[in-house]
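In this text the structure is predicted, and so the values were computed from the model without any measurement. By convention here, the first residue in the shown sequence is residue 1.
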Amino acid sequence: MRPDELFHDIHMFCVSNADESIVKKYSRYFKTGYPGYGIAGELYEEKVKSLKADPELTLSLLLEAAPLLIRTGKYEETTFAIRLLLGFSKQFEKSTFDHVAKWFDIGITNWAHTDYLCGEVMNLFFKKNIITLDTIGSWRIGNNKFQRRAAVVSLIKPMKLSSEFGPYFEFISPMMMDPEREVHQGLGWFLREAWKKQNEPTEAFLLKWKDQSARLIFQYATEKMTAEQKTRFKRTK
C-alpha cells in the first residue's frame, strides 16, 4: 500500500457514506459550520477497525498519508489521521512528534481536532518524555490560533500529574494577552483544571492578570468557584 492509495481508500469511503443530515446535526458545534461529510458513527468505527487490522498499514506510511488527509479540510479525514496514529503509540518517538507538529500548518483548523490531538496524542508525547515544555515553546506565538490553543490545552493532563505548577504558569504567561477567543477558552480551561488541583497558586496567577487579560479566560477559569470567590477576579479598572 502506498500513501496515496491509503488516502484514496479513506476519501472514497467518506464520499460514499456522506450524509447531509448528520452534517446539519453537528454544524451547531462549529461557529463556521461543520466541515464534514456526515458519516454514521458505526460505519466510521468499522472502517477505522478495518484499517488498523491491515498489515500493510505502518507508522511511516500513515505519516506520509496524513498530510493528504488533513489538507482536504474535511472533518472525518483529519480524524482518520489522528485515530490511526494512536494505533502506533508504542512506536512514538521525536520524529513522530515532528510530523504531527507540521499538521497545524497543513490544516488543523478547528477546536475539536486540536483538543483531540492535545488530550490523546500530545499527552502521550509528554508521558513518554519525548517532549518537554521547551519543545512546544514556539507554539505559543504560532500563526495558527489553534496551534496556540494546543500549546496550553496540551498541558492539562501533564499538569494534573505534577506537584509543581510554577513552570506551567510561567509557560502560559506570554499567552495571557493573546487576541483570539479559541486561545482564551483554552487558557481558561487549563486554569480551571489547575485551580481544582492547587487553588492558592492558581488564584495568585489569576490575580496577576485579572486587569489585563480577556474576561473569557476568567469566565472559564472561575467556573467552579462560588459567587463570592469569583468576585476577587473582577476587573478593578
Is the backbone of [Y] close enough, under 3.5 Å, to the side chain of [X] for a donor and an acceptor to pair up by distance?
X: R140; Y: M175; value: no
X: Q212; Y: K208; value: yes
X: K157; Y: G119; value: yes
X: E93; Y: I130; value: no
X: T78; Y: Y75; value: no
X: N144; Y: F104; value: yes
X: S213; Y: K210; value: no
X: E182; Y: R148; value: no
X: D178; Y: V183; value: no

Is the shortest distance from a Lys or Arg side-chain nitrogen in [X] or [Y] to a carboxylate oxygen in the other one below 4.0 Å?
X: D105; Y: R71; result: no
X: R149; Y: D115; result: yes
X: E5; Y: R2; result: yes
X: D98; Y: K102; result: no
X: R83; Y: E45; result: yes
X: E193; Y: K196; result: yes

Evaluate the ring planes of [X] and [Y], with Trp represented by its six-membered ring, and classify them as parallel (under 30°), tilted (30 to 60°) or perpendicular (over 60°).
X: Y168; Y: F165; answer: perpendicular
X: F7; Y: H11; answer: parallel
X: F80; Y: F13; answer: perpendicular

Supply the atom-to-atom distance [X] [atom1] to [Y] [atom2], rounded to the nearest 0.5 angstrom.
X: M159; Y: Q198; atom1: CE; atom2: CD; value: 9.0 Å
X: L69; Y: E76; atom1: CG; atom2: CD; value: 11.5 Å
X: L117; Y: S154; atom1: CG; atom2: OG; value: 8.0 Å
X: C14; Y: E77; atom1: SG; atom2: CD; value: 4.5 Å
X: I131; Y: K94; atom1: CD1; atom2: NZ; value: 9.0 Å
X: T135; Y: M122; atom1: OG1; atom2: CE; value: 8.5 Å

Query raised in the report: Do we see a donor-acceptor contact under 3.5 Å between the side chains of Q229 and T226?
Result: yes
Query raised in the report: Is it true that the side chains of D134 and T132 contain a donor and an acceptor less than 3.5 Å apart?
Result: no
What are the two closest heavy atoms between [X] and [Y], and how far apart are they?
X: W103; Y: A81; result: CH2-O, 4.1 Å
X: L59; Y: T96; result: CD2-OG1, 4.1 Å
X: L6; Y: A65; result: CD2-CB, 3.8 Å

Within 6.0 Å of [atom1] in [X], more than 12 heavy atoms from elsewhere:
X: Y26; atom1: OH; result: no
X: E180; atom1: CD; result: yes
X: K52; atom1: NZ; result: yes
X: K127; atom1: NZ; result: no
X: I141; atom1: CD1; result: no

Establish whether [X] and [Y] are linked, either directly or via other cluster members, by ILVMFWY side-chain heavy-atom contacts under 4.5 Å.
X: I106; Y: L63; result: yes
X: F233; Y: L216; result: no
X: F30; Y: I22; result: yes
X: Y44; Y: V23; result: no
X: I136; Y: F146; result: no

Report task. Go through the steps to decide whether S162 and E164 satisfy the test side chain to side chain donor-acceptor pair (under 3.5 Å), and finish with yes or no. Result -> CA-CA 6 Å; S162 175; E164 177 52 61; over 6 Å; no
Taking the side chain as every heavy atom from C-beta outward, state whether [X] and [Y] have any pair of such atoms under 4.5 Å apart.
X: L61; Y: M1; result: yes
X: I39; Y: D19; result: no
X: I82; Y: T79; result: no
X: K47; Y: D9; result: yes
X: V152; Y: W139; result: no
X: N123; Y: P158; result: yes
X: M176; Y: L187; result: yes
X: Y37; Y: N17; result: no

Requested in this report: Carefully, step by step, assess V121 and L124 under the rule side chain to side chain contact (heavy atoms under 4.5 Å, CB included).
Outcome: CA-CA 5 Å; V121 179; L124 287 173; 5.9 Å; no
Report task. Let me see the working for F97 and F92 under ring pair (Phe, Tyr, Trp, His ring centres under 6.0 Å), right down to the final yes or no. Result -> CA-CA 8 Å; F97 166 78; F92 281 8; over 10 Å; no
Query raised in the report: Can the ring centroids of W111 and Y29 be said to lie less than 6.0 angstrom from one another?
Result: no
Report task. Under the side chain to side chain contact (heavy atoms under 4.5 Å, CB included) rule, what do R28 and Y34 come out as? Steps first, then yes or no, please. Result -> CA-CA 8 Å; R28 67 180 183 272; Y34 177 61; over 6 Å; no
**Report entry** L191 and F205: CA distance, side-chain angles, deciding distance, side chain to side chain contact (heavy atoms under 4.5 Å, CB included) verdict
**Finding:** CA-CA 9 Å; L191 289 163; F205 182 81; 3.7 Å; yes
Query raised in the report: Would I108 and Q147 satisfy side chain to side chain contact (heavy atoms under 4.5 Å, CB included), going step by step from the backbone distance to the final call?
Result: CA-CA 8 Å; I108 300 296; Q147 187 173 39; over 6 Å; no
Query - Residues forming a ring-ring contact (aromatic ring centres under 6.0 Å, His included) with Y220, sequence neighbours excluded - result: none
